[in-house]
Amino acid sequence: MIKVDSLVKRYGDLLALDHFNLEIHKGEIFGLLGPNGSGKTTAINCMLSLLKYSKGEIHLFGEPMRCDNYSLKKRIGVVTQNVAVFNELTVVENIEYFCGLYVFNRARLKTLVDDAIAFSGLEDYRKFLPKKLSGGLLRRLNIACGIAHQPELIFLDEPTVAVDPQSRNHILEGIRKLNANGATVVYTSHYMEEVEQLCTRIMIMDKGKAVATGTKEELKAMIRTGEKLTAEVYSLSEPILNEIRNLNGLFHAVYENDLLTARHAAGGNHLALVLDILQRNNVAFRRVTSEPPTLNDVFLEITGKELKD
Amino acid sequence: MFWNIYKKRILISLRDKDILIWAWLFPLMLATLFHFAFANLDASGTLKTIQLGVIDNAAYQQDLNFQNVLESVSGESEDSLFKLWSLKNQEEADDLLENGEIDGYVIYEDMPLLMISTNGLRQTIIKGFLDRYLQTKDSVLRLIEENPEAYLILPELLTPLNYTERILLSNSTQTKTVGYFYALLAMACLYGGFQGLTVISQMQANLSAVGARVTVSSAGRFRLVAYDLLGGLTTHFLQILTLVAYINFALGISFGSQLWFVLFTCLISSLLGISFGAMISATSKLKEQVKIAILIVISNICCFLAGLMIGDINYVVMQKAPVVAWLNPAARISDAFYCLYYYDNYERFFLNIGIIFSMAIAMLVITAFFVRRQEYESL
Ligand SMILES: Nc1ncnc2c1ncn2[C@@H]1O[C@H](COP(=O)(O)OP(=O)(O)O)[C@@H](O)[C@H]1O
Ligand SMILES: [Mg+2]
């Protein structure tokens, strides 16, 4: 569906994409996850032929993508990172305008517009101007304008930035529906929970490069951390901490602000062993948790920094 | 696709407050202001008859034709162009000129010469009058040389009315003020630039998010922009028509009797305004506010030189810098209206229209060159 080969994009001296490769298959919800400035938008704009690039090849639907390849563009839907609607047009008029760029039959246009309004839950706001809409509703309008013509391939660039939780769930649910109806989705975000919930396959990006690609299970399997342990502990001496650190298969144990955190490989009964050490030394503890790693941990372990803002 | 884009653009442009205020309400308001300002001007008698001295020497006595022409536009009434002062000699004339009792005087030697001490509106009018006279006389003489039989219609050719009725800048209220209103209309047409500017900003990926969104759609580039500009032109043209109707019916300023040509001029001039704004928007990445400022400043300079604030400045520019005058879109537009009102033949009118149209096309070609791009180095 999408194939990108060693794409290089520079803005002057800044290397925004560094031999970037990508392959997306039909039917996927593919997530591009990375912190702000990692090159997600740049990658999408290159795929859409909005940006010129220095090197590399881009194929969509098996055809090379060019800016004047209108028959390819007809099969694509785009939801831009910045809301792109006309401030002077109402909700219906905006959707009509953008859908009308692809669909010329009036009856069909009308059905599609009504579908898009129902899809995005904007029935009560048909005659509203964009400035009267809340942030979440505005994002939903932005999405409706991008997908109304029912494209086979949809790019959504951070569609949930600055959105209330209710609208966010509505949007994520909508994207699943689009996918269920046959659309392939490319989704960018810097919210890992979102990507983890939604996407069938994920690429983690940093500094214009793909850091890791796979399903979330595959990604998590790539790192040493299998389990994360935390416990509230009051006064833990250095020798006891060292004893914990010496446990087999356990690494990265730190004690800070009355909180003990440790990471260890999957399997084994590390939790019991750690608690055993604490008990033996008469160290009081409470609120013990043990959780599987998140994508943030994947990012942290591979790049050495946090994914969160 | 055409109707969808075209209709939406008309809606957008009618709801865009900036456009509405600048391109429509502002000219309407200015027209109203002019109306009251001129009413006062006339009442206070600022624009009185020009005081013109003539040295009554032998040469002047001999040129009966010149005498006739001068006398036909002179008299004691307010409507007369000149009040003639018959003077014995140059000393007397110089005294009067210095005291400011006369605005200038004519001394006839081989031909009439104008003497003035200051350079102003009145002096320009006298000079214009003399130039016209000499030109006409010259062509008549040449005509007779080449076709002696034309001598038979000589009296008609030299009928003084020919000068006064159509060609002269006479001093009546209507003639004084139409120039201002025509220049105002030229300004309103050029302010169509707001439409062109907005359209292009919303179509170019490097200028707005909407532009990027539209560019990645499957709509053909040129068709999309052309339909959109056409929508903007339609709105602007209709706004200009309401302005013309207001100036004509409510303020009583005449545009002559050739309605269709007036409408045609409005249409071509609106096109020029739109193209002007489109070009400003397409050729640079400056902030929208900066572009609007450029648009307003250039339009206003053009309109100033076309006589929006000081009537007859267009006349001075035409004499001192004819190229500037001919290439000034505002001057050409107001002159086109002027021609329709004053001249019976269309030669000069169509010359104006030709210049306006060519400029519009040139600007559209430049715009097209930039709009053609869909891929950018950076957004
Ligand atoms: N128009 C531009 N000019 C110069 N640098 C840019 C431009 N757009 C983006 N960049 C830089 O390119 C990098 C990638 O940006 P972007 O693709 O927007 O990241 P993301 O979408 O992942 O937040 C960033 O370092 C950003 O500063
Ligand atoms: Mg981005």
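Lettering follows sequence order; numbering is per chain, from 1.
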**Q** Please tell me if the side chains of A:L101 and B:I5 come closer than 4.5 Å, counting only heavy atoms from C-beta onward.
**A**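 Sidechains of B:I5 and A:L101: in contact.
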
**Q** Taking it one step at a time, do B:R9 and A:E88 satisfy salt bridge (Lys or Arg N to Asp or Glu O under 4.0 Å)?
**A** CA-CA 10 Å; B:R9 175 53 60 186; A:E88 294 82 12; over 6 Å; no

**Q** What distance do A:D68 atom CG and B:S218 atom OG have between them, rounded to the nearest 0.5 Å?
**A**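 Separation between the atoms: 13.0 Å.
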
**Q** More than 12 foreign heavy atoms under 6.0 Å from CD of A:E57: is that the case here?
**A**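 It does not: A:E57 CD has 12 such atoms or fewer within range.
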
**Q** Can you give me the closest heavy-atom contact between B:V216 and A:Y102, atom names plus distance?
**A**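 Minimum heavy-atom separation between B:V216 and A:Y102: O-OH, 4.1 Å.
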
**Q** Report yes or no: does B:R213 contribute a side-chain atom to a donor-acceptor pair with the main-chain N or O of A:F98 at less than 3.5 Å?
**A**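 No; zero donor-acceptor contacts below 3.5 Å.
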
**Q** Has the side chain of B:K8 got a donor or acceptor atom that lies under 3.5 Å from a matching backbone atom of A:N94?
**A**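 No, because the side chain of B:K8 does not come within donor-acceptor range (under 3.5 Å) of the backbone of A:N94.
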
**Q** Just how far is it from atom CD of B:E375 to atom SG of A:C46, taken to the nearest 0.5 Å?
**A**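 These two atoms lie 9.0 Å from each other.
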
**Q** Side chain, backbone, both or neither: which part of A:V79 has an atom under 4.5 Å from a heavy atom of chain B?
**A**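 Neither; nothing under 4.5 Å.
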
**Q** Is it true that, when you exclude B:F2 itself, more than 12 heavy atoms of the residues, nucleotides or ligands shown sit nearer than 6.0 Å to its CZ?
**A**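 Yes, enclosed.
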
**Q** What part of A:N45 gets within 4.5 angstrom of chain B, counting heavy atoms only: side chain, backbone, both, or neither?
**A**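 Side chain of A:N45 only, per the 4.5 Å heavy-atom cut-off to chain B.
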
**Q** Measure the spacing between OH of A:Y97 and CG of B:D228 and express it to the nearest 0.5 Å.
**A**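 That separation rounds to 4.0 Å.
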
**Q** A:R75 versus chain B, heavy atoms under 4.5 Å apart: side chain, backbone, both or neither?
**A**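 For A:R75, neither part sits under 4.5 Å from chain B.
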
**Q** Given a strict heavy-atom distance threshold of 4.5 Å, which part of B:L224 is in contact with chain A: side chain, backbone, both, or neither?
**A**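 Just its side chain gets close to chain A.
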
**Q** Does B:Y376 have more than 12 heavy atoms from other residues, nucleotides or ligands lying within 6.0 Å of its OH?
**A**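 Yes, because the 6.0 Å sphere around OH of B:Y376 holds more than 12 heavy atoms from other groups.
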
**Q** Taking only Lys NZ, Arg NE, NH1 and NH2, and the carboxylate oxygens of Asp or Glu, determine whether A:E96 and B:K7 approach each other closer than 4.0 Å.
**A**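 Answer for the salt bridge query: no.
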
**Q** Sort A:V85 into side chain, backbone, both or neither according to what part of it lies under 4.5 angstrom from a heavy atom of chain B.
**A**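 When you check distances to chain B, only backbone atoms of A:V85 fall under 4.5 Å.
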
**Q** Among B:S217, B:G211, B:A212, which residue forms the greatest number of heavy-atom pairs with chain A at distances under 4.5 Å?
**A**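 Going by pairs under 4.5 Å, I would pick B:S217.
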
**Q** Counting neighbours of CZ on A:R201 that are heavy atoms of other residues, nucleotides or ligands and sit closer than 6.0 Å, is the number greater than 12?
**A**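 Yes, because the 6.0 Å sphere around CZ of A:R201 holds more than 12 heavy atoms from other groups.
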
**Q** Who wins among A:R106, A:K9, A:Q81, A:H149 for the most heavy-atom pairs under 4.5 Å with chain B?
**A**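 So the answer, after comparing A:R106, A:K9, A:Q81, A:H149, is A:K9.
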
**Q** Among A:L48, A:T80, A:I76, A:V78, who wins on heavy-atom pairs under 4.5 Å with chain B?
**A**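 If we count pairs closer than 4.5 Å to chain B, A:V78 comes out on top.
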
**Q** Counting distance only, does the side-chain N/O of A:K73 pair as donor-acceptor with the main-chain N or O of B:A219 below 3.5 Å?
**A**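 Flag not set: sc A:K73 to bb B:A219 has no pair under 3.5 Å.
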
**Q** Which heavy atom of A:L51 sits nearest to which heavy atom of B:S378, and what is that distance?
**A**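 Minimum heavy-atom contact is CD2-CA, 3.7 Å.
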
**Q** Could you check whether atom NZ of A:K132 has more than 12 heavy atoms from other residues, nucleotides or ligands sitting under 6.0 Å from it?
**A**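 It does not: A:K132 NZ has 12 such atoms or fewer within range.
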
**Q** Taking all atoms of both residues into account, what is the closest heavy-atom pair of B:N4 and A:G100, and its distance?
**A**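 Minimum heavy-atom contact is ND2-CA, 3.2 Å.
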
**Q** How long is the straight-line distance from CZ of B:R15 back to CG of A:L89, given to the nearest 0.5 Å?
**A**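 Atom-to-atom, A:L89:CG and B:R15:CZ are 6.0 Å apart.
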
**Q** Counting heavy atoms not belonging to A:K209, are there more than 12 under 6.0 Å from its NZ?
**A**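 12 or below, so no.
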
**Q** Kindly check if the number of other-residue, nucleotide or ligand heavy atoms within 6.0 Å of CZ (A:R176) is above 12?
**A**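 Counting other residues, nucleotides and ligands, CZ of A:R176 exceeds 12 neighbours.
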
